[in-house]
Amino acid sequence: MAVKTAAEVLEIVKKNKIKIIYLWFSDILGRLKSLNITDEELAESLKNGSSIDGSSIQGFARIQESDMVVKPDPATFQVFPWGAEDKLSARMFCDVLNKDGTPYEGDPRYVLKRLMKQAADLGFTAYFGPELEYYYFKDAQSTQILDNGTYFDMVPMELISNLRQETALALRKMGINVRYSHHEVGPSQHELDIKYGEALNMADDVMTARLIVKEIALHNDIYATFMPKPIYGQAGSGMHVHQSLFKGKENVFFDGTNEQRLSKTAYGYIAGLLKHAPEITLVLCQWVNSYKRLVSGYEAPVHICWGQVNRSALVRVPAIDPKQKSSARVEMRSPDPACNPYLAFAVMLAAGLKGIKDGYKLPEPVSDNIYEMTEDERANIGIAVLPEDLNEAIKAMEASELLREALGEAVFTWFIRNKKIEWEDFRNRVSSYEIERYLPTL
């Protein structure tokens, strides 16, 4: 459903007798927020927006300046793939505005729009393709798995196969093209790969996909989670993000004159991702639990290097078909699916563009399995590591001028403040591990 204008939205709502429209937006942590309006309020909302109290939303306005407006983006209109014909509902993503109609600087969607504008000023359109991993559990109170499958297994449990199929079809009805879905490495772990598209649309699609996965699971009396590391000793859930830059229909990452089939622009972009990897990690991996996934092994990308078709590297260059120039791309493997996709895409784009503009020198690619190297071997070829915990990531981001500029002062300051509170809360708690290990002997 390729809706572009407010008039088209109003026509579809009237024709399909849609009574409820959900106006979606994101807080700074990437939590989906919603304001529901009726069809009678839709025309006014499309024209002037709908008022909200921003002081009650994580990272939004202070209480003395809390009156804000969410204005629907007609191009994001989609009808939900459930409900009887006479009880259909729909959603639109919104831009958060100040009362005077100017963009609110704390709106994550606006942050990504600003970075896309910077790319456009250089002649680029940014395309992203995320792969979302997640677990199915019996309920939200346990990690009781539903299958013992592993990578690409065809699990015999009919429910799981039907769940993935139902989810993929629902997403397609919502305008989201799922390239494929499959079982992942962990027991009861699964993956959805979304076909690449323009960055803002992809961030909207990630927000939508996370909700649809959870909704369909709940409809089947099970629970889906995007928690980065829910089970000790099993694979964590990542969100590998494929990235490329285009000029019109031309993929500027492709260059058929060299063996690697990568352009100077692509090399600069990769160099930017690598150089700024430590400081952007807090945005890509924003929770305490994220760093339980970022440990060596389990294909977790903790070493700052790049390679072609090397899944142990932080940045991987998938095989490029010279007959399909659009396939040239780089894959950042550290983000997890619980991040805020607007901010995550924004900071990766900022790092990549910085590498291009400033002509960063790209280190040599690594072809060996980095996990099998010793610490000295990695140090000898200059392979550093990502922050080991939330606190290290906070310190790296706090010192970053790139992130301060990319996110804007409001988001930058609030994000760090919130993560410091989370770290202190975690650091001061007594865990079940400590009770089990120390209480019987100390």
Side-chain angles (χ1 to χ4, degrees), residues 111-131 194-203 240-281 283-284 301 304-310 313-335 341-367 382 400-403 405-406:
V111 171
L112 180 54
K113 281 186 172 184
R114 282 196 295 101
L115 264 296
M116 290 170 63
K117 173 64 165 55
Q118 290 181 25
D121 290 343
L122 296 172
F124 302 133
T125 301
Y127 283 82
F128 285 68
E131 302 173 354
I194 300 175
K195 184 177 180 180
Y196 75 92
E198 178 269 339
L200 184 64
N201 291 341
M202 284 300 101
H240 304 156
V241 181
H242 297 256
Q243 303 165 51
S244 54
L245 296 177
F246 279 66
K247 285 189 175 181
K249 294 183 179 180
E250 178 190 0
N251 185 342
V252 296
F253 277 8
F254 180 83
D255 184 348
T257 64
N258 60 61
E259 185 179 346
Q260 293 173 325
R261 300 193 179 97
L262 290 174
S263 67
K264 182 180 178 182
T265 301
Y267 289 142
Y269 194 96
I270 296 170
L273 290 176
L274 295 178
K275 181 176 178 63
H276 297 287
E279 61 209 79
I280 68 176
T281 294
V283 178
L284 306 184
I304 304 173
C305 62
W306 76 284
Q308 288 194 292
V309 202
N310 186 348
L314 176 64
V315 177
R316 183 178 81 98
V317 178
I320 299 171
D321 183 350
K323 296 178 182 178
Q324 293 188 354
K325 298 178 181 180
S326 63
S327 68
R329 64 197 188 277
V330 302
E331 177 191 15
M332 186 76 168
R333 296 175 61 80
S334 59
Y342 301 105
L343 300 185
F345 291 0
V347 299
M348 286 187 286
L349 185 55
L353 292 178
K354 182 73 169 174
I356 294 169
K357 288 187 293 184
D358 289 7
Y360 287 178
K361 183 179 179 182
L362 183 64
E364 289 296 315
V366 177
S367 57
S400 173
E401 287 304 315
L402 176 74
L403 270 288
E405 179 182 342

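This chain uses plain numbering: 1 for the first residue, then up along the sequence.
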Donor-acceptor pair, side chain of W306 and main chain of A271, under 3.5 angstrom: no
K264, NZ: over 12 other non-hydrogen atoms inside 6.0 angstrom: no
Where I304 and P278 come nearest, the two heavy atoms and their spacing: CD1-CG, 3.7 Å
Interatomic distance, Q243 atom CD to M202 atom CE [nearest 0.5 angstrom]: 13.0 Å
I280 CD1 to S334 OG distance, which is reported to the nearest 0.5 Å: 6.5 Å
Closest non-hydrogen atom pair between P365 and G307, with its separation: CB-CA, 4.2 Å
Heavy-atom closest pair, residues V366 and C305: CG2-CB, 4.0 Å
Interatomic distance, L314 atom CG to L273 atom CG [nearest 0.5 angstrom]: 8.0 Å
Distance-minimising heavy-atom pair for V330 and V317: CG1-CG2, 4.3 Å
Spatial distance of atom CD1 (I356) from atom OH (Y267) [nearest 0.5 Å]: 13.5 Å
Interatomic spacing from NZ in K325 to CG in D255 - rounded to 0.5 Å: 9.5 Å
Minimum-distance pair of heavy atoms, taken over all atoms of K247 and G123: CG-O, 3.1 Å
Partners meeting side-chain contact (heavy atoms from CB on, under 4.5 Å) with N251 (sequence neighbours left out): S244, F246, F253, A328
Whether over 12 other heavy atoms sit under 6.0 Å from E198 CD: yes
Geometric cation-pi criterion K275 and Y360, 6.0 Å radius, 45° cone: yes
Gap separating the CD atom of E131 from the NE2 atom of H242, nearest 0.5 angstrom: 3.5 Å
Ignoring hydrogens and angles, write down the donor-acceptor pairs under 3.5 Å from the side chains of residues 342-351, residues two or more places apart or on other chains.
from	atom 1	to	atom 2	distance (Å)
Y342	OH	D204	OD1	2.5

Side chains of residues 112-122: which donor-acceptor partners sit under 3.5 Å, not counting sequence neighbours?
from	atom 1	to	atom 2	distance (Å)
K113	NZ	D95	OD1	3.1
K113	NZ	D95	OD2	3.0
R114	NH2	A406	O	3.1
R114	NH2	L407	O	3.2
K117	NZ	D121	OD1	3.0
K117	NZ	D121	OD2	3.1

Exercise: identify the closest heavy-atom pair between I320 and Q260: CD1-O, 3.8 Å
